[in-house]
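What you see below is based on every heavy atom in this structure, not just the backbone, and it leaves out hydrogens, waters and symmetry mates. None of these values were measured; they are calculated from a predicted model. Residue indices begin at 1 and follow the sequence shown.
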Amino acid sequence: MNTKKLNGRACIRILIILSCLTFYVTKSTTLSTILSATVVALMLLEIYKVPKYSVTVLLFFSFEAMGLLPSVKLGSSTLSWADLNIIVAIWLFFVMGKVVVKKDKVGFVIFLFLVSRAVGAFTGYSIYNQGIITGLMVLRPMYIYLAYYPLIMMYSMGRISKEDILSEIFKFIKTISIVYLCQLLLLYVGVDISSFSHTVRWGYRIYASNVPQMVGVFWCLVALMKTNTDEEKKKTIGWLILFIFEVIFINQSRMVILCTALTAGIIILFSPSVKNKFWIIFAAVVVGLFALSTSTVQGIIIDSISESESTEGGNIVYRTYEKNYFENLLKGHELLGVGTPNQNYGQAAIYNGKQQSGFARDNFYMSGYYTSDLGIFAIRYYWGIVGLAIYEIISIAVLLYQIKEVVLCKRYEYELIVPMGINIFGFAASSTLCYYITRPGLYFVFLILQGIYIAERRREKQNENSMCRNMV
């Protein structure tokens with residue numbers, strides 16, 4: 001059985017490499033598309049044989065095939081890899097076969113999100129006459145959340161273990177980090193094998209998501225608190241250094257860097273290991289002070305401040321114009337929002353904003369307006385005060401539960417600390433980033449790990465109650 005699994009995954013890896021080389025060397029989109037379609041088919045077949053592999057496939061698609069494979073053109077439309085997760089979710093229901101319905105708080109949260117999607121589709125129809133199906137198909141990558149139900153059911157049936165899911169997630173994080181590092185290094189020798197665009201900020205800046213590396217930082221911090229052997233600690237520290245390097249130098253998002261550091265500090269403070277806590281904080285302070293003393297880092301900070309506040313192209317000015325634009329469209333629809341407008345659909349394109357370009361006030365040129373720049377305002381814009389209230393109440397309630405489990409119950413499992421880190425990061429970065437919408441792969445990791453933790457705790461309490469009854 002193990003040989004079959006290795007062979008299946010090996011074939012998929014080889015085809016991914018061939019498809020990548022075919023496109024970036026020969027520029028043949030036809031052959032590359034055929035090879036990519038074969039990859040998708042083999043992945044679905046492998047999921048049927050080994051259901052736990054679905055976690056890797058969902059993340060692979062959600063993070064745009066790691067930038068190795070180009071998006072597929074369908075006429076005038078472009079099908080992103082993240083769009084394929086709805087197919088994987090439906091396929092998982094088929095693979096699951098038997099349906100096991102259990103009380104599930106995380107499942108109920110996802111149900112509320114799906115209801116808000118449906119309400120948004122009807123809202124879009126009433127405001128700018130966009131088709132309901134069209135409204136449901138906007139933000140398609142978010143349908144990865146549907147995969148939670150079959151995965152958690154297979155976990156409940158014992159077909160997938162907690163260790164399986166944790167292992168698949170961390171292996172994917174390590175793999176994507178190595179791929180991103182290779183793409184970055186190749187750029188410096190003039191070779192571009194990434195579908196992500198790139199510019200120059202502090203060296204080459206690849207517009208690839210550094211979310212997996214951020215999660216990797218949290219993961220390694222937990223591992224360092226739990227690992228006993230020196231060899232394992234050395235490996236973990238090695239991966240931690242790589243993840244931190246990529247968080248800083250791949251996408252180079254200042255908000256991600258700042259909030260990752262803040263969240264990592266909070267995780268360390270929650271650690272039950274006083275000795276490790278002291279040395280990690282001490283090392284971080286020493287490294288931070290050393291970095292701040294160098295002229296390179298000081299130059300980066302000064303350039304970042306200048307870039308952000310520039311009246312000609314700064315992020316603060318840009319986002320101010322974006323916010324004003326969407327706020328004006330939201331007037332009169334504050335309660336339920338404006339729905340999810342398609343950028344190519346008649347009047348909906350106005351509400352989407354991406355096609356709006358030209359000179360704004362003060363001779364400032366805008367090349368499209370993006371709600372993705374505006375953090376959780378995007379939730380209020382799409383689904384109104386009601387949608388934002390649901391999201392915030394759920395996030396706060398989950399965070400309080402996580403803190404209670406760590407502080408009062410002294411729990412420090414991966415499936416608790418990692419989603420807690422993601423949750424804290426979400427709050428810290430909420431002014432400019434909303435990963436619930438823009439990076440659903442991250443939020444999916446949060447949901448599945450939190451769901452597993454709650455299920456594990458429920459099992460423990462049931463076993464304790466059963467033992468108590470037996471003793472009586």
Parallel, tilted or perpendicular: ring planes of [X] versus [Y], cut at 30 and 60 degrees:
X    : Y    : answer
F425 : Y435 : tilted
Y443 : F113 : tilted
Y48  : W91  : tilted

Quiz item: Y155 ring centre to R459 NZ or CZ under 6.0 Å, with the angle to the axis within 45°?
Solution: yes
Would you say the side-chain atoms of [X] pair up with the backbone N or O of [Y], donor to acceptor, closer than 3.5 Å?
X    : Y    : answer
Y381 : Y351 : yes
N423 : P419 : no
Q213 : V247 : no
S126 : T123 : yes
T340 : G135 : yes
E334 : G332 : yes
N85  : P141 : no
N251 : S209 : no
Q130 : N342 : yes
R457 : I454 : no

Quiz prompt | Residue pair D164, S167: steps toward the side-chain hydrogen bond (donor to acceptor under 3.5 Å, both in side chains) verdict | solution = CA-CA 5 Å; D164 287 337; S167 175; over 6 Å; no
Quiz item: Taking atom OH of Y125 as the centre, does the number of heavy atoms from other residues, nucleotides or ligands within less than 6.0 Å exceed 12?
Solution: no
Quiz item: Within a reach of under 6.0 Å around OH of Y188, are more than 12 heavy atoms found that belong to other residues, nucleotides or ligands?
Solution: yes
Measure the shortest side-chain to side-chain distance between [X] and [Y] over non-hydrogen atoms and say whether it is less than 4.5 angstrom.
X    : Y    : answer
L329 : Y325 : yes
Y204 : L184 : yes
M420 : L399 : yes
V55  : I448 : no
I173 : V215 : yes
Q347 : N129 : no
W219 : L166 : yes
M96  : M157 : yes

Could you pull out all donor-acceptor pairs under 3.5 Å where a side-chain atom in residues 143-154 meets a protein atom, sequence neighbours excluded?
unit_1	atom_1	unit_2	atom_2	d
Y143	OH	L136	O	2.6
Y145	OH	Y436	O	2.6
Y148	OH	D104	OD1	3.0
Y148	OH	D104	OD2	2.9
Y149	OH	G107	O	2.6
Y149	OH	F111	N	3.1

Quiz item: With sequence neighbours left out, what residues match K404 under salt bridge (charged side-chain N to carboxylate O under 4.0 Å, His left out)?
Solution: none
Quiz item: What residues, two or more places apart in sequence or in another chain, satisfy salt bridge (charged side-chain N to carboxylate O under 4.0 Å, His left out) together with E327?
Solution: K323, R380
Quiz item: How far apart are the C-alpha atoms of S195 and Y24, what are their side-chain angles, what is the distance that settles it, and do they pass the side-chain contact (heavy atoms from CB on, under 4.5 Å) test?
Solution: CA-CA 9 Å; S195 63; Y24 293 109; 3.3 Å; yes
Quiz prompt | Audit row: I87, F61, side-chain contact (heavy atoms from CB on, under 4.5 Å) steps and yes/no | solution = CA-CA 11 Å; I87 297 174; F61 288 163; over 6 Å; no
Exercise. Tell me, with the steps shown, if T438 and S372 meet side-chain hydrogen bond (donor to acceptor under 3.5 Å, both in side chains).
Key: CA-CA 6 Å; T438 59; S372 57; over 6 Å; no
Identify the two heavy atoms, one from [X] and one from [Y], that lie closest to each other, and give their separation to 0.1 Å.
X    : Y    : result
G441 : L59  : O-CD2, 3.9 Å
L262 : A428 : CD2-CB, 3.9 Å
L242 : S177 : CD2-CB, 4.2 Å

Quiz item: Passes side-chain contact (heavy atoms from CB on, under 4.5 Å), V179 versus Q183? Steps please.
Solution: CA-CA 6 Å; V179 170; Q183 290 173 339; 3.8 Å; yes
Separation between [atom1] of [X] and [atom2] of [Y], rounded to the nearest 0.5 Å:
X    : Y    : atom1 : atom2 : value
F444 : I422 : CZ    : CD1   : 11.5 Å
L374 : S430 : CG    : OG    : 12.0 Å
I206 : F196 : CD1   : CZ    : 8.5 Å
I110 : L447 : CD1   : CG    : 4.5 Å
I12  : T38  : CD1   : OG1   : 11.0 Å
E64  : L69  : CD    : CG    : 10.5 Å

Quiz item: salt bridge (charged side-chain N to carboxylate O under 4.0 Å, His left out): which pairs involve residues 169-182, sequence neighbours left out?
Solution: E168-K171
Quiz prompt | Non-neighbouring partners of I244 that pass side-chain contact (heavy atoms from CB on, under 4.5 Å), sequence neighbours left out | solution = V217, L240, I248
Sequence neighbours excluded and cut-off under 3.5 Å, please list the side-chain donor-acceptor pairs for residues 382-395, or say none.
unit_1	atom_1	unit_2	atom_2	d
Y382	OH	T371	OG1	2.9
W383	NE1	S116	O	3.2
S395	OG	Y391	O	2.9

Quiz item: Would Q402 and Q450 satisfy side-chain contact (heavy atoms from CB on, under 4.5 Å), going step by step from the backbone distance to the final call?
Solution: CA-CA 9 Å; Q402 292 166 334; Q450 193 62 60; 2.7 Å; yes
